[in-house]
2 protein chains.
Amino acid sequence: MLDKKEKRTKQSVNREVLESRILRAAEIVFASKGFSGSSMERIAEIAKISKQNLIYYFPNKDLLYRRVLKEMLDIWIEKLSFLEVQGETPEVIIRRYVSEKMALSRLYPNGSKVFAHEIISGAPVLKEYLISHLKPQFDRDVILVKSWINKGLIDCVDPEHLFFTIWAATQTYADFSVQMEVLLGKNTLEEADFQRAEDAVTEFVVRALGAKKK
Amino acid sequence: MLDKKEKRTKQSVNREVLESRILRAAEIVFASKGFSGSSMERIAEIAKISKQNLIYYFPNKDLLYRRVLKEMLDIWIEKLSFLEVQGETPEVIIRRYVSEKMALSRLYPNGSKVFAHEIISGAPVLKEYLISHLKPQFDRDVILVKSWINKGLIDCVDPEHLFFTIWAATQTYADFSVQMEVLLGKNTLEEADFQRAEDAVTEFVVRALGAKKK
DNA sequence: AATAAAATTTACCAAAAGGTAAAAATTGAT
DNA sequence: ATCAATTTTTACCTTTTGGTAAATTTTATT
């Protein structure tokens, strides 16, 4: 095998398909029960393979769990760099940030719930990651917001807690969706609900920053 | 036994003490692992009794879980009626509401986490409760906020999503405390952190409503 | 067609978990 | 002191669970 990229035989394609089916199944189960409450048997059932076959692809539960978390974090990291595009106003950057965070709740509710279970449980697996990856990025973003304040571009707000509030307000549409469905009297949150939610949250944040109304 | 209230013998007092010790232990374990992930053995261990003795007091795990949830909900219901005191402005009411919700996160982080696990897991136990108790109260509160808008007391905001954001922004200080500790570089959230958080969240909400700054 | 590699199934297993049943110990009331 | 009620411990039991090991079947390569 001299090729870097492996040959895409029928077998290897099937493998990929099956692996991602397993990961989706695992995501569903972990989202519903957290790590300790989930069983390999149940994951296999949802992936429509035998437990032993599941173990063939992911030799243990821990590994599978970490893969599910990693998949989600990779997406978040990619979509959630709070990068400053030249010439953009804070308001534009913040609006995009809220919008993208909300899109993640809408598109990856299960991954989001897995993450939530993990953090609520004390982040036994992710703590190191939070320290090594999230904190540095957070510190940079806080500094950026502070610079906006110093330049008078936005009102004086608490930068750390601004982020906490944005995260909470957007993530809640994935994690607590059942509660909202009940309160809004719907079976599932639809596209329109997410749009209203995004508008509402965006407006709250923009007002908090003292930017003018849209 | 003609007396309605039972005699407070040494035994009955001990029983109460032990029961509440068990409930606190259960809260800790359920908060950390959710229902399915928690074991009676572990709860007994933390309550410092044997598993069999735990089962003597709470004959099964389901019952114990429901008791823990009920305890938390009773507190919430009591503290979180969004009642309109005569002559109070919306701003005062909202400030108190945020303040009390934040106090619950500070004072009952474990109960809050148990609730979060339950909702994220699809509210298998609490769904009925949400429908029968929370929704009616929510509907009333939404109507109240709408009336404020109609009277021009606050700006035009989305009442439903206003509540969702307030809940999320306050609850996150209980549920995601580990993440914040990492990001703020602290071992635990202290009184001062909660005070800052409360000020920040309150300010966000008050601004969103278009009330004047404090 | 034959052989190697990959995928799936079958057969088990030890530990953990939720409980039941009953014996033993402790406490309360007379 | 005695007897009943309560509490705690001891002994088990069944089901679930994560995982090993090996046999079997399917697929790819020559």
Side-chain angles (χ1 to χ4, degrees), chain A residues 1-3 5-23 25-30 32-69 114 117 121 124-125, chain B residues 1-3 5-23 25-26 28-30 32-69 117 121 124-125:
Chain A
M1 291 283 162
L2 291 175
D3 301 326
K5 52 179 84 176
E6 312 213 344
K7 256 198 276 181
R8 294 183 54 82
T9 62
K10 203 199 288 184
Q11 227 169 23
S12 79
V13 169
N14 274 343
R15 185 176 187 110
E16 275 170 41
V17 169
L18 189 46
E19 267 189 14
S20 83
R21 206 171 80 209
I22 291 172
L23 285 167
E27 213 174 49
I28 292 171
V29 178
F30 287 136
S32 156
K33 306 266 192 170
F35 176 76
S36 322
S38 302
S39 76
M40 295 291 269
E41 183 74 56
R42 179 81 182 124
I43 293 169
E45 189 186 328
I46 294 198
K48 286 172 183 165
I49 57 176
S50 71
K51 188 184 85 171
Q52 298 312 318
N53 202 189
L54 166 58
I55 288 173
Y56 173 73
Y57 286 95
F58 294 90
N60 64 68
K61 193 173 133 183
D62 212 77
L63 209 112
L64 181 51
Y65 180 65
R66 284 166 194 272
R67 271 290 297 274
V68 169
L69 276 180
V114 177
H117 276 304
S121 299
V125 171
Chain B
M1 292 284 161
L2 291 175
D3 300 327
K5 52 179 84 174
E6 312 212 347
K7 256 198 279 181
R8 295 184 55 82
T9 62
K10 203 198 289 182
Q11 227 169 24
S12 80
V13 170
N14 273 343
R15 186 179 185 109
E16 275 170 42
V17 169
L18 189 47
E19 268 189 13
S20 83
R21 205 170 81 207
I22 291 171
L23 284 167
I28 291 170
V29 178
F30 286 136
S32 156
K33 306 267 192 169
F35 176 76
S36 323
S38 300
S39 77
M40 295 291 270
E41 184 75 55
R42 179 82 182 124
I43 293 169
E45 189 186 328
I46 294 198
K48 286 173 184 164
I49 57 177
S50 71
K51 187 183 86 170
Q52 297 312 318
N53 203 188
L54 166 59
I55 288 173
Y56 173 72
Y57 285 96
F58 294 90
N60 64 68
K61 191 173 134 182
D62 212 75
L63 210 110
L64 181 51
Y65 180 65
R66 283 165 195 272
R67 272 290 296 277
V68 169
L69 274 180
H117 276 304
S121 299
V125 170

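All heavy atoms count here, side chains included; hydrogens, waters and symmetry mates do not. Here is how names work: the chains are called A, B, and so on, in the same order as the sequence lines, proteins then strands, and each is numbered from 1.
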**A:R15 side chain near C:dA7 phosphate (N/O to OP1/OP2, under 4.0 Å)** = yes

**Asked** Which whole-number value in Å describes the distance from B:D62 CG to C:dA17 C1'?
**Response** 15 Å

**Closest heavy-atom pair and its distance - B:R21, B:K48** = NH2-O, 3.7 Å

**Request:** Would you tell me if any nitrogen or oxygen in the side chain of A:Y57 comes within less than 4.0 Å of OP1 or OP2 on C:dA6?
**Result:** no

**Asked** Within this structure, what is the CZ-to-P distance between A:R42 and D:dT15, rounded to whole angstrom?
**Response** 20 Å

**Request:** Let me know the distance between CG of B:N53 and P of C:dA25, rounded to the nearest Å.
**Result:** 16 Å

**Asked** Base, sugar-phosphate, or nothing: which does A:L18 touch, judged by heavy atoms less than 4.0 Å apart?
**Response** sugar-phosphate

**Prompt:** Any side-chain N or O of B:Y56 under 4.0 Å from OP1/OP2 of D:dT8?
**Reply:** no

**Asked** Are A:S50 and C:dT8 close enough that a side-chain N or O sits under 4.0 Å from OP1 or OP2?
**Response** no

**Item:** Between CD1 on residue A:I43 and CD1 on residue A:I28, distance to nearest 0.5 Å
**Value:** 10.0 Å

**Request:** Specify the separation, in whole Å, of atom CD of A:Q52 and atom P of D:dT17.
**Result:** 14 Å

**Asked** Reckon A:S38 touches a base, only the sugar-phosphate, or nothing at all at heavy-atom distances under 4.0 Å?
**Response** sugar-phosphate

**Item:** Heavy-atom donor-acceptor pair, B:E41 side-chain to C:dG18 base, under 3.5 Å
**Value:** no

**Request:** Would you state whether a donor and an acceptor, one from the side chain of B:K51 and one from the base of C:dG18, lie under 3.5 Å apart?
**Result:** yes

**Message:** I need the minimum non-hydrogen distance between B:S32 and A:S121, along with the two atoms involved.
**Reply:** O-OG, 2.7 Å

**Message:** Please report the distance, rounded to the nearest Å, between CG in A:L54 and P in C:dA7.
**Reply:** 14 Å

**Heavy-atom pair with the smallest gap, counting every atom of A:G37 and B:S36** = CA-CB, 3.7 Å

**Prompt:** CZ of A:F58 versus P of D:dG19: gap in Å, rounded?
**Reply:** 14 Å

**Message:** Could you report the tightest heavy-atom contact between A:F30 and A:H117, atom names first, then the distance?
**Reply:** O-CD2, 3.5 Å

**Message:** In whole Å, I'd like the distance from the CD atom of A:E45 to the P atom of D:dT16.
**Reply:** 12 Å

**Asked** In whole Å, what is the span from the CD atom of B:E16 to the P atom of D:dT7?
**Response** 11 Å

